[in-house]
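In the text below, chain A, chain B and the rest are named by the order of the sequence lines, each starting its count at 1. The figures that follow rest on heavy atoms only: side chains count, while hydrogens, waters and symmetry mates do not. All values derive from a computational prediction rather than experimental measurement.
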Amino acid sequence: MTTTEGRRDEAGDAPEVRPEQARQGERLTAVAFAVSILGAVGLAVVFSTGGQPQLEGILLALALGGLGVGLVVWARYFMPHGPAIEERKPLESSEEDIAAFTTQFEQGEHVLARRGLLVKMAGAAVAALAAALVFPIRSLGPRPGRGFKGTPFRAGVRLVDEANRPIRADEVAVDGLLTAFPEDHTDAADAPTLLIRPGRSRSDDGAAGAETSDRTSEAAELLAYSKLCTHLGCPVGLYQAPEHLLLCPCHQSTFDVLDDARPVFGPATRALPSLPIRIDDEGFVVATGDFEAPTGPGFWDRGR
Amino acid sequence: MAPLRRRRHSKPDRLVTRRTARWLDSRLGAAKFARSALGKVFPDHWSFLIGELALYSFVVLLATGVYLTFFFSPSQEEVIYTGSYEPLQGVEMTEAYRSALDLSFDVRAGLVMRQIHHWAALLFLAAIVVHLMRVFFTGAFRRPRELNWMIGVTLLILGIFNGFAGYSLLDDQLSGTGLRIAYSIALSIPVAGTWVASLLFGGEFPGPDIISRLYVIHILLAPAAIIALLGAHLGLVVRQKHTQFGGGERREDNVVGERVWPSFAFKSIGLMLITAAVLSAMGGLAQINPVWLYGPFDPAEVSAASQPDWYMGWLDGALRVWPAWEIRAFGFEVPAPFFPAVLLAGLTFAALFAWPFLEARRTGDRAEHHLLDRPRDRPVRTALGVATLAFYTVLTLSASTDVTATTFGLSVNAVLWAFRILCLVAPPVAGWIAYRLCRDLVDREVARGETVPKPVPPPRRTRDRPRPDPRPTPAD
């Protein structure tokens, strides 16, 4: 707040404060500290009587903020505001210092150079140790094997709901959709399956109908697709029945149920793999093998 | 010991502070160092407070984070919930999610600490990003501060990573979906993807170990790295001294401002307390990440409108706008997510690391700079910066395609295409506007004769020094 002209290397002087300004500054600072004290006391009371999140936040804010505002006001009214000036010294070392360092370093270098073989051996030992220390990383996880490509579905495995209760084909209503799992593996993260019975059957759909001729007549209308989006593996949870579209809520990839669940929109590149199913004598839905392709997102050797 | 001189009690050694100082000095001999530390000058400009804001958000993160670790339990063991939140009574969940619920409902001050912690994380990263913009647009990254720029970029990466690790610990439906996406992104890396994913998660998703591993990273490894790099970041500021804008008495070879003791220290500690106060008020009043509404993670379920925290938005947006393109050959494939997630992130941070050197090579300006540029005086850099910001802003907004579509009753298809086009159009347009604005501002100043723009200093190896420089200088 001073208007002193020129350089003042010593900024030890407080700004000259007029008496009424000083009174004002003192009052403001004192009020801020008082607010802080009240906030802290209030906080203690709230804590000891059981706590209440909103009050805790407000009182903590008052206790911290009062102290902070007090310090800032104190500095504004009663502390020097400069301008204090400091010279910048060159960052680089002087040539003498560099030369002295080089000499010192070279002394050591000479000692090392005389034992060239030992230096090489020490280097090799350090490298070998570093390589050996990489191996414990292998313990972090199993070798990614067939598990990445297959699910617990096999021929004869029944499809069950979340509670491991077998699903009957007639439980899936027209335009309805059920999430199914392989029996006894309801926690398998790669196996959630959507059972869908599209309202418009495939035989009504001209060309698409011909491709399903290998399915039994009862199962023709009941479709089973992996629930995992082929983009990043989110469960494709939204079914727009009128359009027969499955929508992934994560990045909006959209799959056409009547067209082998091929992607029609969004970043997904591949169709949802379908699960071959049949309906057994008791009416339960049974897999006749694993998914036609690995479920979920793509990876390097997925097609191998 | 100037500050103690004005104490009313003139008998010095009666003072505990002085006796302590003497006791310490007789063992450390630190008086000279301490004197110069207290006398250090810091330039005064509002934009220099943004970095401090990041530092103080981190202090709040540490304080609240330590409290949270006393109650959080990073275990994927399945338990049945019996706590005081009625709607989830009897539900099976992991121990991690249960302890997060207990923190929110049954630990006194637990919820307010959790919410302050989360708000502080958002502010920490926002302050880092704005601080980075300040340093970029004013050219504070130029020689001799390239190292500190790179430390800063590393801190940004660590901050983003640790933020993600933090909110992934709670094992609710939203964080589990985020982890699933992270797993799939790791899987998309060519050749090594399945190994990387398996080693990170301890097996196939969800993996038995991911929560406990993220916990160790989140509360130990990443904070330790951040503290070490913060120390180096501040140490370099002390060693190289702060930059300042030119004008008045401020020149390349001095620092004009306030001394650390007492003015700067009081104001800075005041700022720390006010930052903590604002975060406390937000933690108390503004709900954030209400995990009890999301429910425990179930790999077969997902909720609509799954958005990450803001600093992850650009990656989520990039994953949405990237078309369904991927590379397949000889039975191998590079899946689509690799490009917008792994490659984009890699290129982004590589470009940030390299920027000081790229610019020096482009302009040939390798001289030491302690005076900051006004953005308008460097129209090309400013335009490039604005274009880059526009690109990442559009990507961040793209993370809300579904919410935008439902809010305004538009088709998701149309919104996505709009964002795809904006990604390509917005950066050049924004950059061009910034360039014109810089030019016009300078022209107007010249026309009014207010200030003559500083001429670009000739490229010099070092500042003028009395000693001869034996190394060859690049062509002037």
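Listed options Arg302(A), Gln54(A), Arg304(A) were ranked by heavy-atom pairs under 4.5 angstrom with chain B; first place goes to Arg304(A). With respect to chain B, the highest number of heavy-atom pairs below 4.5 Å among Ser139(A), Cys234(A), Pro144(A) belongs to Pro144(A). Counting heavy-atom pairs closer than 4.5 Å to chain A, the top residue among Val256(B), Ile185(B), Leu199(B), Val112(B) is Leu199(B). For chain B, the option among Gly303(A), Cys248(A), Gly233(A) with the highest count of heavy-atom pairs below 4.5 Å is Gly233(A). The choice from Gln115(B), Arg328(B), Arg180(B) that makes the most heavy-atom pairs within less than 4.5 Å of chain A is Arg180(B). Between chain B and the residues Pro235(A), Gly296(A), Pro263(A), Pro249(A), the most heavy-atom pairs under 4.5 angstrom are made by Pro235(A). Note on His242(B), Met272(B), Gln307(B): by heavy-atom pairs under 4.5 Å with chain A, the leading option is His242(B). Note on Thr275(B), Asp316(B), Leu271(B): by heavy-atom pairs under 4.5 Å with chain A, the leading option is Asp316(B). Among Thr177(B), Leu111(B), Val191(B), the residue with the largest count of heavy-atom pairs under 4.5 Å with chain A is Val191(B). Per-residue heavy-atom pair counts under 4.5 Å with chain B were compared for Gly50(A), Ala188(A), Ser253(A), and the maximum is reached by Gly50(A). The candidate with the highest count of non-hydrogen atom pairs below 4.5 Å against chain B, out of Gly237(A), Ser36(A), Gly65(A), Ala191(A), is Gly65(A). Between chain A and the residues Gly283(B), Pro299(B), Pro335(B), Ser198(B), the largest count of heavy-atom pairs under 4.5 Å involves Ser198(B).
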| said: Glu86(A) vs Phe42(B), test: side-chain contact (heavy atoms from CB on, under 4.5 Å). Steps then yes/no. | reply: CA-CA 9 Å; Glu86(A) 203 177 5; Phe42(B) 273 91; over 6 Å; no
| request: Evaluate the side chain to side chain donor-acceptor pair (under 3.5 Å) criterion for residues His251(A) and Asp402(B): first the C-alpha distance (whole Å), next the side-chain angles of each, then the deciding distance (0.1 Å), finally the verdict. | output: CA-CA 8 Å; His251(A) 303 99; Asp402(B) 51 339; over 6 Å; no
| Stepwise, does the side-chain contact (heavy atoms from CB on, under 4.5 Å) test hold for Arg239(B) with Leu91(A)? | CA-CA 8 Å; Arg239(B) 173 74 185 99; Leu91(A) 286 165; 3.8 Å; yes
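Contact record, Glu249(B) with Pro83(A): OE1-CG, 3.7 Å, taken as the closest heavy-atom pair. Residues Ala84(A) and Val41(B) approach most closely at O-CG1, 3.5 Å, considering heavy atoms. Residues Pro297(A) and Ser184(B) come closest through the heavy atom pair CG-OG, 3.3 Å. Closest heavy-atom contact between Trp325(B) and Thr269(A): N-CG2, 4.1 Å. When all heavy atoms of Phe205(B) and Ala189(A) are compared, the pair lying nearest together is O-CB, 3.4 Å. In plain terms, the two heavy atoms of Ala324(B) and Ala268(A) that are nearest each other are CB-O, 3.3 Å.
In this structure, the side chains of Glu162(A) and Asp298(B) come closer than 4.5 Å at one or more pairs of heavy atoms. Residues Met79(A) and Trp261(B) are not in side-chain contact: their nearest non-hydrogen atoms beyond the backbone lie 4.5 Å or more apart. At a threshold of 4.5 Å between non-hydrogen side-chain atoms, the residues Gln252(A) and Thr401(B) count as touching.
Both the backbone and the side chain of Trp195(B) come within less than 4.5 Å of a heavy atom in chain A. Within the 4.5 angstrom heavy-atom criterion, only backbone atoms of Ser48(A) (N, CA, C, O) approach chain B. Using a 4.5 Å cut-off between heavy atoms, Ile116(B) touches chain A through its side chain atoms alone. Contacts of Leu319(B) with chain A are made by both backbone and side-chain atoms, with heavy-atom separations under 4.5 Å. The part of Pro192(A) that comes within reach of chain B is its side chain, from C-beta onward, which places non-hydrogen atoms under 4.5 angstrom from that chain. For chain A, the nearby parts of Pro190(B) are the backbone and the side chain; heavy atoms of each come within less than 4.5 Å. Interface remark: Phe338(B) contributes no atoms to any contact with chain A (heavy atom separation under 4.5 Å). Interface remark: Ala109(B) contributes backbone and side-chain atoms alike to the contact with chain A (heavy atom separation under 4.5 Å). Leu228(A) touches chain B through its side chain: at least one heavy atom from C-beta onward sits under 4.5 Å away, while N, CA, C and O do not.
Within the 3.5 Å criterion, the main-chain N or O of Thr49(A) finds no donor-acceptor partner in the side chain of Arg108(B). For Arg88(A) (side chain) and Gln240(B) (main-chain N/O), a donor-acceptor pair under 3.5 Å exists by modelled atom type. Checking side-chain atoms of Arg320(B) against main-chain N and O of Cys250(A) turns up a donor-acceptor pair under 3.5 Å. Between the Lys227(A) side chain and the Ala300(B) main chain, a donor and an acceptor come within less than 3.5 Å of each other.
Atom CG of residue Leu232(A) and atom OG of residue Ser188(B) lie 8.0 Å apart, to the nearest 0.5 angstrom. One distance of note links CG of Asn413(B) with CZ of Phe265(A); it measures 4.0 Å at 0.5 Å rounding. Interatomic distance, CG of Leu67(A) versus CG of Leu273(B), reported as 5.0 Å (0.5 Å rounding). In this structure, the separation between CE on Met113(B) and CD on Glu56(A) is 8.0 Å, given to the nearest 0.5 Å.
Within 6.0 Å of the CZ atom in Arg143(A), the count of heavy atoms belonging to other residues, nucleotides or ligands does not exceed 12.
Using the six-membered ring where Trp is involved, Trp300(A) and Phe332(B) have ring planes that are parallel, under 30° apart on the 30 and 60° scheme.
Between Glu87(A) and Lys241(B) there is no salt bridge, since no side-chain N of the basic residue sits under 4.0 Å from a carboxylate O of the acidic one.
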